[in-house]
Protein chains: 2
Amino acid sequence: MSKGKKEPERTKRPTSYDVARRAGVSQAAVSRAFSKRGYVGAEARAKIEAAAKELGFRPNALARSLIDKRSRIVAVVIADMYYSFYVAILHQINGALRQAGYQTLLFSIPSSQDLDTIVDDVGDYRVDGIIMVSARLTTDVARMSEALGVPIVLMNRYADQPSVNFVVPDDHQGGRLVAEFMLAAGHHRFAYIAGIEGASTSRDRGDGFRAALPSSPQVKAGDFSYEGGFAATEALMRGPAPPDAIFCASDIMAWAAIDALRHEFGLRAGRDVSVIGYNDAAESRWRNYDLTTVVSSPDSMSHRAVEILSALLDREATPPVQERLRVHLKVRGSARVPSDYEAENVEMETGR
Amino acid sequence: MSKGKKEPERTKRPTSYDVARRAGVSQAAVSRAFSKRGYVGAEARAKIEAAAKELGFRPNALARSLIDKRSRIVAVVIADMYYSFYVAILHQINGALRQAGYQTLLFSIPSSQDLDTIVDDVGDYRVDGIIMVSARLTTDVARMSEALGVPIVLMNRYADQPSVNFVVPDDHQGGRLVAEFMLAAGHHRFAYIAGIEGASTSRDRGDGFRAALPSSPQVKAGDFSYEGGFAATEALMRGPAPPDAIFCASDIMAWAAIDALRHEFGLRAGRDVSVIGYNDAAESRWRNYDLTTVVSSPDSMSHRAVEILSALLDREATPPVQERLRVHLKVRGSARVPSDYEAENVEMETGR
DNA sequence: CTGAAAGCGCTTACAG
DNA sequence: CTGAAAGCGCTTACAG
């Protein structure tokens, strides 16, 4: 229609040749001035910097990547992102990557089922590496890494393959911590609301919990979702042996448990039944939840993931790099507190 | 340490020359075969495709961007992302961009204050365009667009600059919808919990609300946060004229209002006081909240944002493109329902 | 210290 | 239809 109007002319950005011309030096000198490690005389450098500033020149990172074989782009693959814990992780990864000099190419996929649909895109942009965080993991990560020729670091969850790199919370320890706390508080009838089958998080948290308990807890799958946690809680409470202490494999299911107890059974978490979660997502501090939970610090996990990937990229580490990060229990009001309880890795929420 | 071990050799990916050699054609032919619009004979094409498949060849998108001046990368800038509504938006944008053939370079910044720190990074990677979604907006977007030479589309929030592109919910309409609904339910003492000063969302929602009310509502700032919404609700209820109907500029503040009413005043939203929010984020469907709220469809907003940017990039549109999307009210249990209420843009939650 | 030149992996006129 | 050649914006040995 308004083809006649003056179109928004995409302003062409200056190149190193433009700067060279203006500064009266060679294009190579400009390149050296901008790539730290090159020799440039003091006055040449001054002229170049002045010219670059006037022109608003900044080197084209894409062109550079072509020659030095490093795009400085990292693919971050994240599935099932609706839980706020993953948002915190994503935010932290992005910040850590930027600080380390990398950019984040985002692949937010509906579920990890769809992982295969993105490997072409990931590959086409020649990312230097991949960080993956997803609830379920159906793909052969090792093969994917091989096919793309770049290292992959898994976060929060590991795969049952010998050669993959990962950084996860020490979930077994987390489960034990919860069991010991509940035992000290005098609970007797334990239940575990698991996540989804096959997830290392769900399995290890449950194993640690069970290992520290005198008898086996009841177990119900909660699907790592609010609805799943709600239904699991209902089933447990209507069952033949309602538990007096429920450990949930993730906070979101614990919130659901608290809501189910209140709205379906008129029970209050912390007084009638103890509920403990995992992750310490933001909502756990909300007045309605005030959740006692295991802190798995998305910030340190994210930073380690980036450090590991960095080391792998700089050939300063050899895969597999596999780390389990220490966790601790944050005590709030959703679970009965043992009197005079003192233990390592347990921290009372101050204030309130 | 283990420098002696065989290092993980980064496998070099094949180039168009490798494919050409194997297929017995020129490199140019390979390029043409992969760039739709080029002429390649049927048998040449067959040989090329076979060779490419054997070698696992895919064109280097970064190299291509150099020559055709389109990186097909879009920067998505998102601040204050802790609210789940923004997560949904981010996910939708990413999906829509991928479908349109673009990749997402993520810039998740602590707050929009930090916007300036990322423009260099955004520029260095020669993104084709920018989509911005943030709670506050302190930067001169028009100038930023000018400086980088690429179009910017704002989402959910607009700026008071004549030339910016944006797509937002029709917030004035949303505010009116809420007022009419509350009036029909027989409420008399209205309150508005605003977000932050200067945000178009907060202003327009409040203006629409006020415009449809017979008298001015009380107003308290809630900072678009849980804590802020909680404090605002407390202040209102302890004030000289406790409201019987509270409209919150965003869901997260409405959840806080519901919790504050229950835990601080022993009141139930929907029975004692009506609470209505804005956005229909996932938590609003949780049993504890069951929030009546204005639906501002992050999915359609995201798709439109991508379409607009696309059109701008293809020179099929001239800035500014400014759109306000129709909203509707989703009726759940947190606000009294007028008897026999029927209105356009009001939808009862089915089921339960 | 500095410039000329080659090359990274592509696309695109331009001849044949 | 197809190949040779130039060029995108850089970096990096290599001579001077």
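Below, chain A is the first sequence line, B the second, and so on; all start at residue 1.
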Which part of the nucleic acid, if any, lies within contact of [X], taking any heavy atom under 4.0 Å across all strands shown: a base, the sugar-phosphate backbone alone, or nothing?
X: A/Ala61; answer: nothing
X: B/Ala28; answer: base
X: A/Tyr17; answer: base
X: B/Thr15; answer: sugar-phosphate

Starting from [atom2] on [N], measure out to [atom1] on [X] and report it in whole angstrom.
X: B/Ile67; N: D/dA6; atom1: CD1; atom2: P; result: 14 Å
X: B/Arg32; N: D/dA4; atom1: CZ; atom2: C1'; result: 10 Å
X: B/Arg64; N: D/dG9; atom1: CZ; atom2: P; result: 17 Å
X: A/Ile48; N: D/dT11; atom1: CD1; atom2: P; result: 12 Å
X: B/Lys47; N: D/dG3; atom1: NZ; atom2: C1'; result: 13 Å
X: A/Arg45; N: C/dG3; atom1: CZ; atom2: P; result: 14 Å
X: B/Leu62; N: D/dC8; atom1: CG; atom2: C1'; result: 13 Å
X: A/Leu66; N: C/dG7; atom1: CG; atom2: P; result: 14 Å

Assigned partner base of D/dA13, Watson-Crick or wobble definition, under 3.5 Å: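 None - no nucleotide pairs with D/dA13, as no candidate has both distances under 3.5 Å.
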task: Give none if D/dA4 has no partner; otherwise give the nucleotide forming a Watson-Crick or G-U wobble pair with it, both distances under 3.5 Å.
output: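 Across any shown strand, D/dA4 pairs with none.
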Among [options], which nucleotide has an atom closest to any side-chain atom of [X]?
X: B/Ala63; options: C/dT2, D/dC10, C/dC10; result: C/dC10
X: B/Ser31; options: C/dC10, D/dC10, C/dT2; result: C/dC10
X: A/Gln27; options: C/dC10, C/dC8, C/dA5; result: C/dA5

field: Polar contact flag, side-chain donor to acceptor under 3.5 angstrom, A/Arg64-A/Asn60
entry: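 Per modelled atom types, A/Arg64 and A/Asn60 side chains form no pair under 3.5 Å.
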task: Map B/Ser26 and B/Arg126 onto DNA chain D by nearest heavy atom, then report which one ends up closer to the 5' terminus.
output: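 So the residue in question is B/Ser26.
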message: Against B/Val30, only a single residue in B/Asp18, B/Val40, B/Val19 fulfils side chain to side chain contact (heavy atoms under 4.5 Å, CB included); can you say which?
response: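 Answer after filtering B/Asp18, B/Val40, B/Val19: B/Val19.
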query: Does the side chain to side chain donor-acceptor pair (under 3.5 Å) test come out yes or no for B/Thr201 and B/Arg157, once each step is laid out?
result: CA-CA 6 Å; B/Thr201 42; B/Arg157 216 158 248 94; 2.9 Å; yes
task: Spell out yes or no: do the side chain of A/Arg13 and the base of D/dG9 have one donor N/O and one acceptor N/O closer than 3.5 Å?
output: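 No.
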task: On the 0 to 90° scale, with breaks at 30° and 60°, tag the A/Phe85-A/Tyr83 ring pair as parallel, tilted or perpendicular.
output: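 A/Phe85 and A/Tyr83: tilted rings.
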message: Using OP1 and OP2 only, check whether a side-chain N or O of A/Lys69 sits under 4.0 Å from C/dG9.
response: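 For C/dG9, OP1 or OP2 has a side-chain N or O of A/Lys69 closer than 4.0 Å.
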query: Is the phosphate of D/dC10, meaning OP1 or OP2, less than 4.0 Å from a side-chain N or O of A/Ser16?
result: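 For D/dC10, OP1/OP2 do have a side-chain N/O of A/Ser16 under 4.0 Å.
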message: Please identify which of these residues, B/Arg98, B/His91, B/Gln92, meets the side chain to side chain donor-acceptor pair (under 3.5 Å) condition with B/Asn94.
response: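 Result: among B/Arg98, B/His91, B/Gln92, B/Arg98 is the only option passing the side chain to side chain donor-acceptor pair (under 3.5 Å) with B/Asn94.
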